[in-house]
Q: 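Input: one structure, supplied below.
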Number of protein chains: 2
Amino acid sequence: MTDYYLKNSKFYVAVDCIIFGLNNGELSILLTKRRFEPEKGKWSLMGGFVGENESVDEAAQRVLTDLTGLTNVYMEQLGAFGAIDRDPGERVVSVAYYALINFDELDRRAVEEHDARWIGINEIPQLGFDHPLMISKALKALRERFTTSPIVFNLLPKLFTLSQLQSLCEAILGEEIDKRNFRKRVTDLKCIQPTEFIDKSSSKRGARLHRFSDTTYQLDHKFKI
Amino acid sequence: MTDYYLKNSKFYVAVDCIIFGLNNGELSILLTKRRFEPEKGKWSLMGGFVGENESVDEAAQRVLTDLTGLTNVYMEQLGAFGAIDRDPGERVVSVAYYALINFDELDRRAVEEHDARWIGINEIPQLGFDHPLMISKALKALRERFTTSPIVFNLLPKLFTLSQLQSLCEAILGEEIDKRNFRKRVTDLKCIQPTEFIDKSSSKRGARLHRFSDTTYQLDHKFKI
DNA sequence: TCAAAAGTGTTCAGGGTACACCCATGG
DNA sequence: CCATGGGTGTACCCTGAACACTTTTGA
């Protein structure tokens, strides 16, 4: 029985996280400056190696928590990246994940300790490894998923204005959305609910704060933005 | 630099293939009876270990070619499966792929030599490992993709009748489709073209054979079934 | 009083859905 | 001549897209 395995090779298995967040209203990802070879000094995604006593998913959670201080984060697997020379140092198979985090709950100290920075998705520098490919796949997956699944709310504070929601959707899509059509769609959804609160930080008139009700969403699982 | 890697663990990395084909008009997948421990004697997906001199994608291609004799097959990665105990024998991280093959071009001898059999997607027996999970994810991915991307033609012969196409779509969806609406959609697509040939094997009247034109599809990349 | 963001409805076109009958032919 | 699968058109509804002005209020 052991023979069945022994004739085969073993590999390092890594995880890489594409962490999306709203930094001052701008859709951004969290990048770190690598402190080790290979690719030392280059910007890169946050990653780590899978350990023997954790699943690959758990490794990704661990890396994310280590960097952000957050647990229970929305995270989805993007896929495995297994080109022979994707890591110039050693043969490493990497499994990429993307995560959507609420910027306000972030542990900023943990971020600073890792030399990490939020960088707008339109200002991403040259990255090492196959990270540019991972990021473009993550953006594609995010674009495809967010219109039919209520995941954008992971990026927003619990209370948000419709303008905030719209500009976030526009940032993800990379194009503008008609305001009246957007608000009609959104206010027709039972799972997006107005609250009694008004936010006056972004306009003199003030904008009504809304919230996403997951329990309402669970009733029919209908969502379309 | 080597230190960066050395403190970490290595893993076996495997690939598993969910191979879809149309067996006598029934959407089926190719399963083999395992000849080795662990899970010996159980039905399972065709898989194999990744070698040092091939990418993960190449390993999947190799496994597929070995079993079917086919190259240049439509194949897409489903994702990595990395639970600690997913393989009862050893820690193995597996990357799953699904493939759509043309049943007529299959090398039946290669299939027999691997103790493999086509099994309808509604008659799948108990499988070992996490293969049931992989199959359900593959079906979900196939269902989501085939309506907007012209991939079903990989399952059909080069010339096919609209009835064949419709019953294939129904098998993938798991529900019936209105004949007139389906034919309207399909015949409006420029990339699905009638030919001069008539197939008389399935009816007395005979049905017109159509073909998918990829060059026409490339013109506008529009497709909706 | 004015600048800046919030909020609000209607019209129209096109796509999706529901639906039932005749055709051609081999046996 | 009949059983079997092949082939065809219309009416309605609903969704998605285009489009511009009024309101509120702090400075």
Side-chain angles (χ1 to χ4, degrees), chain A residues 22 24-26 143-144 146-148 156-157 159-211 220-225, chain B residues 22 24-26 143-144 146-149 156-157 159-171 173-211 220-225:
Chain A
L22 259 191
N24 296 321
E26 188 184 18
R143 276 195 193 112
E144 284 174 2
F146 92 99
T147 50
T148 54
L156 290 168
L159 297 180
F160 52 85
T161 67
L162 297 187
S163 298
Q164 280 178 296
L165 179 60
Q166 179 174 351
S167 67
L168 171 55
C169 291
E170 289 173 335
I172 294 173
L173 276 179
E175 59 191 32
E176 295 198 344
I177 304 174
D178 178 86
K179 182 163 56 155
R180 279 174 292 184
N181 291 337
F182 181 79
R183 292 170 100 95
K184 197 189 320 163
R185 283 197 294 275
V186 163
T187 51
D188 282 352
L189 288 173
K190 289 189 287 276
C191 60
I192 297 181
Q193 300 168 344
T195 69
E196 54 184 312
F197 306 108
I198 305 289
D199 170 68
K200 306 210 93 172
S201 64
S202 67
S203 84
K204 294 162 184 175
R205 176 175 175 177
R208 183 164 299 273
L209 288 163
H210 290 66
R211 66 192 183 88
D220 53 6
H221 277 252
K222 267 158 202 162
F223 188 82
K224 187 88 184 81
I225 271 187
Chain B
L22 259 191
N24 296 321
E26 188 184 19
R143 274 194 195 112
E144 284 173 1
F146 92 99
T147 51
T148 54
S149 186
L156 290 167
L159 297 180
F160 52 86
T161 68
L162 297 186
S163 298
Q164 280 178 297
L165 178 60
Q166 180 174 350
S167 66
L168 170 55
C169 291
E170 288 173 335
L173 276 178
E175 59 190 32
E176 296 198 342
I177 304 173
D178 178 87
K179 183 165 54 157
R180 278 175 293 184
N181 291 336
F182 180 80
R183 292 170 100 95
K184 197 190 320 165
R185 282 198 295 275
V186 163
T187 50
D188 282 351
L189 288 173
K190 290 189 287 276
C191 60
I192 296 181
Q193 300 168 343
T195 69
E196 54 184 313
F197 305 108
I198 306 289
D199 169 67
K200 305 211 93 173
S201 65
S202 67
S203 85
K204 294 163 184 175
R205 176 176 175 175
R208 182 163 300 274
L209 287 163
H210 290 67
R211 66 194 183 87
D220 52 5
H221 277 252
K222 268 160 202 161
F223 188 83
K224 186 88 182 80
I225 271 189

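In what follows, every chain begins at residue 1, and chains take the letters A, B, ... in the order their sequences are listed.
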Q: Grab the CZ-P distance between A:Arg180 and C:dA5 for me, whole Å please.
A: 18 Å

Q: So what does A:Lys200 touch, heavy atoms closer than 4.0 Å: a base, only the sugar-phosphate, or nothing?
A: sugar-phosphate

Q: Closer to the 5' end of DNA chain D via nearest nucleotide, is it B:His210 or A:Asp178?
A: B:His210

Q: From the options B:Thr195, B:Ile192, B:Leu156, select the one residue that forms a side-chain contact (heavy atoms from CB on, under 4.5 Å) with B:His210.
A: B:Ile192

Q: Please state how far atom NZ in B:Lys184 lies from atom P in C:dG15, giving the value in whole angstrom units.
A: 11 Å

Q: Of all heavy-atom pairs between A:Phe146 and A:Cys169, which one has the smallest distance, and what is that distance?
A: CE1-SG, 3.6 Å

Q: Taking donor-acceptor contacts at under 3.5 Å, does the side chain of B:Arg205 reach the base of C:dA24?
A: no

Q: To the nearest angstrom, how far is B:Ile192 atom CD1 from D:dG7 atom P?
A: 14 Å

Q: By the 4.0 Å heavy-atom rule, please label A:Arg208 as base, sugar-phosphate, or nothing.
A: sugar-phosphate

Q: What heavy-atom pair brings A:Leu159 and A:Arg211 nearest, and what distance separates the two atoms?
A: CD2-CB, 3.9 Å

Q: Return the nearest nucleotide to the side chain of B:Lys179; candidates are D:dG7, D:dT24, C:dT17.
A: D:dG7

Q: Does A:Arg183 place a side-chain N or O at less than 4.0 Å from the phosphate oxygens OP1/OP2 of C:dG7?
A: yes

Q: Using heavy-atom distances to pick each residue's nearest nucleotide on DNA chain C, tell me which of A:Asn181 and A:Lys204 is more 5'.
A: A:Lys204

Q: Rounded to whole angstroms, how far apart are CD1 on A:Ile225 and P on D:dT15?
A: 17 Å

Q: Please give, in whole Å, the distance from D:dG6 C1' to B:Phe182 CZ?
A: 14 Å

Q: Please report the interatomic distance CD1(B:Ile225) to CZ(B:Phe182), rounded to the nearest 0.5 Å.
A: 5.0 Å

Q: In whole angstrom, what separates B:Ile198's CD1 from D:dG6's C1'?
A: 10 Å

Q: Of all the choices, D:dG6, C:dT8, D:dG16, which nucleotide is nearest to the side chain of A:Lys224 once you look at every atom?
A: D:dG16

Q: Without decimals, in angstroms, what is the distance between B:Glu176 CD and C:dC19 C1'?
A: 15 Å

Q: Nearest whole angstrom, please: distance from the P of C:dG26 to the CG of B:Asp199.
A: 13 Å

Q: Identify whether any heavy atom of B:Ser163 sits under 4.0 Å from a base atom; if not, whether one sits that close to sugar-phosphate; answer base, sugar-phosphate or nothing.
A: sugar-phosphate

Q: B:Ser203 side chain: which of D:dG5, D:dA20, C:dT17 is closest?
A: D:dG5

Q: Are any side-chain N or O atoms of A:Glu170 and backbone N or O atoms of A:Ile177, one a donor and one an acceptor, separated by less than 3.5 Å?
A: yes

